[in-house]
Amino acid sequence: LATRPGIALAVLEAIQAHVPDRRHVDLDTGIAALAQRLADHRLSTSNDPAENARILTNLGIRLSYAGLHDQALPATQDAVAIYRQLAADHPETFLPGLAGALNNQSQVLSDQGRREGALAAIDEAVTIQRQLAASRPGTFLPGLAIALNNQSTMLSAFRRLGDALAAADEAVSIQRPLAADRPDALPDLAKSLNNQALRLSNLGRREDALAAIEEAITVYRRLAADRPDAYLPDLAGMLDNQSGTLIDLGRPEDALAAVDESVTIQRRLAADRPDTFLVNLARALDNQSTTLIDLGRPEDALATVSEAVTIYRRLAASRPDAFQPNLAGALNNQSNRLSDMGRPEDALAAISEALIIHQRLAGEQPDAFLPDLALSLHNQSGMLSRLGRRKDALAAIDEAITIRRQLADAHPGAVLPVLASSLNNRSVLLKDLDRPKEALAVIGEAITIQRRLAAEGADVFLPGLAMSLSNQSPKRGRR
């Protein structure tokens with residue numbers, strides 16, 4: 001409708017007034033087209049820089065929601081440029097708009113895999129929000145907390161785990177008193193607690209992470225009791241996170257109870273609004289499958305992840321750009337479950353399909369999908385090895401290592417742990433191929449990386465170091 005030349009602009013403006021403010025998987029593409037059409041018209045008739053910046057900010061958000069990141073970036077960059085010029089002359093009036101535009105720019109850059117630019121943008125946004133909150137805390141502390149949460153996510157992507165947790169802790173410390181005085185601030189507190197839990201988990205502080213998750217769940221239960229349509233999806237997502245943390249703490253029965261509740265909620269939501277909530281159901285089923293494996297129920301785990309694959313296939317058939325990455329991830333997990341069931345040929349078929357998807361995605365958007373391509377190659381190598389195809393397995397792991405070396409140059413904190421894992425597997429394959437000197441050199445490199453990570457980071461890296469040290473011994477190693 002938005003692209004039809006004969007449609008009156010007044011009609012399109014009336015439609016825009018009723019579109020949802022948040023993401024909506026069914027409508028985002030159409031809303032983006034509507035926003036583009038109206039933005040083109042408004043920008044052509046407006047001589048007000050502040051109004052133009054507002055139009056461009058909204059357009060960038062809508063294009064980003066639709067996954068059109070390459071189109072969203074110019075809009076957000078133009079908005080930042082305008083607000084920066086306006087704020088230079090009138091800081092009190094336009095610094096808030098500049099901070100918001102920088103926050104949006106950071107999100108778009110992150111979605112494109114341009115993490116350095118994303119971190120620089122959110123760092124500047126946080127600096128501005130601190131300045132604003134110092135003079136008017138009642139108005140600007142909520143914005144500072146939001147920016148800190150986004151900064152925490154970006155810092156975590158660079159494996160700056162301590163800095164990421166500090167930002168998340170500060171966001172929670174801001175939002176607790178706000179939520180105590182203003183119930184409308186409870187959703188933001190719950191989001192901050194979720195972010196804090198992720199950062200704590202990254203540092204191996206799983207008990208503390210669980211406490212944050214459980215507090216967030218308490219908040220979401222309260223919110224969902226009053227407004228189930230608005231907050232049941234968030235409650236289900238937090239239950240998913242709780243399940244993963246309980247698994248890490250060695251409590252698989254409790255983890256299954258949490259993810260079962262999540263799946264139950266997601267099924268109910270998906271039954272009413274499948275186009276919106278099927279993707280969340282698939283994600284919960286994927287997590288449920290992992291929990292069932294930990295409880296020694298491989299048949300149920302395979303059935304669950306296979307249902308997730310079926311859902312993602314359906315979604316990817318209608319919106320491949322949006323859902324093929326999810327399908328590839330579920331196929332990766334399905335491959336592991338098939339391998340657990342002693343079906344290596346089927347496991348190889350599943351991982352090979354995932355690999356084909358990731359090769360195409362990485363060809364189109366290398367910054368975003370090269371890490372996923374490396375993971376699929378790593379996993380395909382394992383399946384080929386199980387089938388006795390060790391030369392093919394070596395070729396796959398070599399390609400994974402090549403990609404991960406390339407990525408580690410730019411993002412060492414994020415990539416070195418998985419590079420060490422691939423090197424570990426390559427060493428085992430070289431041993432199996434009777435190439436012991438090469439195997440010893442490769443495992444030595446893995447150990448060097450893992451010693452460094454264990455010394456710099458947290459105890460979370462010690463199990464990988466122990467495995468590599470075991471594989472360094474003359475006997476055949478473990479993958």
Side-chain angles (χ1 to χ4, degrees), residues 3 23 25-33 35-36 59-78 104-119 121 153-154 157-158 279 282-283 286 308-309 311-335 349-381 395-411 414-415 418-419 422:
T3 58
R23 293 178 186 266
V25 69
D26 305 327
L27 303 177
D28 283 338
T29 300
I31 293 173
Q36 183 71 70
L59 176 61
I61 291 170
R62 287 304 185 181
L63 291 168
S64 181
Y65 283 175
L68 301 171
H69 307 303
D70 290 341
Q71 296 169 240
L73 184 58
T76 59
Q77 288 174 326
D78 288 347
N104 295 337
Q105 185 182 48
S106 176
Q107 293 294 313
V108 174
L109 288 166
S110 177
D111 289 336
Q112 288 187 319
R114 296 168 61 178
R115 292 174 179 169
E116 292 88 351
L119 180 58
T153 300
M154 289 311 308
F158 282 95
V279 62
R283 189 177 299 116
D286 214 351
V309 168
I311 292 171
Y312 282 133
R313 282 196 196 283
R314 170 181 167 183
L315 294 170
S318 58
R319 292 186 61 193
D321 290 344
F323 294 113
Q324 280 211 333
N326 304 87
L327 173 58
L331 285 164
N332 251 308
N333 293 340
Q334 185 185 48
S335 175
I351 192 60
S352 296
E353 184 181 355
L355 178 59
I356 289 169
I357 295 171
H358 280 144
Q359 285 171 328
R360 183 184 65 78
L361 292 171
E364 296 171 353
Q365 300 182 59
D367 288 343
F369 291 108
L370 272 176
D372 297 309
L373 174 57
L375 175 62
S376 287
L377 286 162
H378 178 103
N379 290 347
Q380 186 192 50
S381 175
I397 202 66
D398 281 348
E399 188 176 350
I401 289 170
T402 297
I403 294 171
R404 284 176 167 171
R405 284 194 196 282
Q406 173 189 338
L407 295 171
D409 289 339
H411 310 290
V415 181
V418 291
L419 173 59
S422 290

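This is a predicted model, so every value here is computed, not measured. The figures that follow rest on heavy atoms only: side chains count, while hydrogens, waters and symmetry mates do not.
In this structure the side chain of M154 never reaches within 4.5 angstrom of the side chain of Q107, judged on heavy atoms. Counting only heavy atoms from C-beta outward, the side chains of R404 and L375 approach each other to under 4.5 Å. In this structure, the side chains of I357 and L331 come closer than 4.5 Å at one or more pairs of heavy atoms. Counting only heavy atoms from C-beta outward, the side chains of E116 and F158 approach each other to under 4.5 Å. In this structure, the side chains of H378 and V418 stay at 4.5 Å or more apart for every pair of heavy atoms. The closest side-chain heavy-atom distance from N326 to L315 is not below 4.5 Å.
Taking the side-chain hydrogen bond (donor to acceptor under 3.5 Å, both in side chains) definition, one finds that N332 meets it with S376, N379, sequence neighbours left out. Remark: R283 pairs with N280 by the side-chain hydrogen bond (donor to acceptor under 3.5 Å, both in side chains) rule, at least two apart or across chains.
Atom CD1 of residue I351 and atom CG of residue N333 lie 9.0 Å apart, to the nearest 0.5 angstrom. Rounding to the nearest 0.5 angstrom, the gap separating the CG atom in L119 from the OG1 atom in T153 is 11.0 Å. Expressed to the nearest 0.5 Å, how far CD of Q71 lies from CZ of R62 amounts to 15.5 Å. With rounding to the nearest 0.5 angstrom, the CG atom of L419 is 10.0 Å from the OG1 atom of T402. Here CD of E353 is found 11.0 Å from NE2 of H358. Values are rounded to the nearest 0.5 Å. A distance of 11.0 Å separates CG of L109 from CG of N104, quoted to the nearest 0.5 Å.
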Should L355 and Q359 be marked as a side-chain contact (heavy atoms from CB on, under 4.5 Å) after you check the CA-CA gap, both sets of side-chain angles, and the distance that decides it?
CA-CA 6 Å; L355 178 59; Q359 285 171 328; 3.9 Å; yes

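Between L377 and A400 the shortest heavy-atom distance is CB-CB, 3.8 Å. Between A157 and R115, the shortest heavy-atom distance links the atoms O-NH1, 3.9 Å. Considering all non-hydrogen atoms of both residues, A308 and A282 come closest at CB-O, 3.5 Å. Closest approach of P366 and G363 over heavy atoms only: CD-O, 4.3 Å. Taking both residues in full, the closest heavy atoms of I397 and S422 are given as CG1-O, 3.6 Å, listed atom of the first, atom of the second, then distance. Taking all atoms of both residues into account, the shortest heavy-atom contact from P325 to P320 is CD-O, 4.1 Å.
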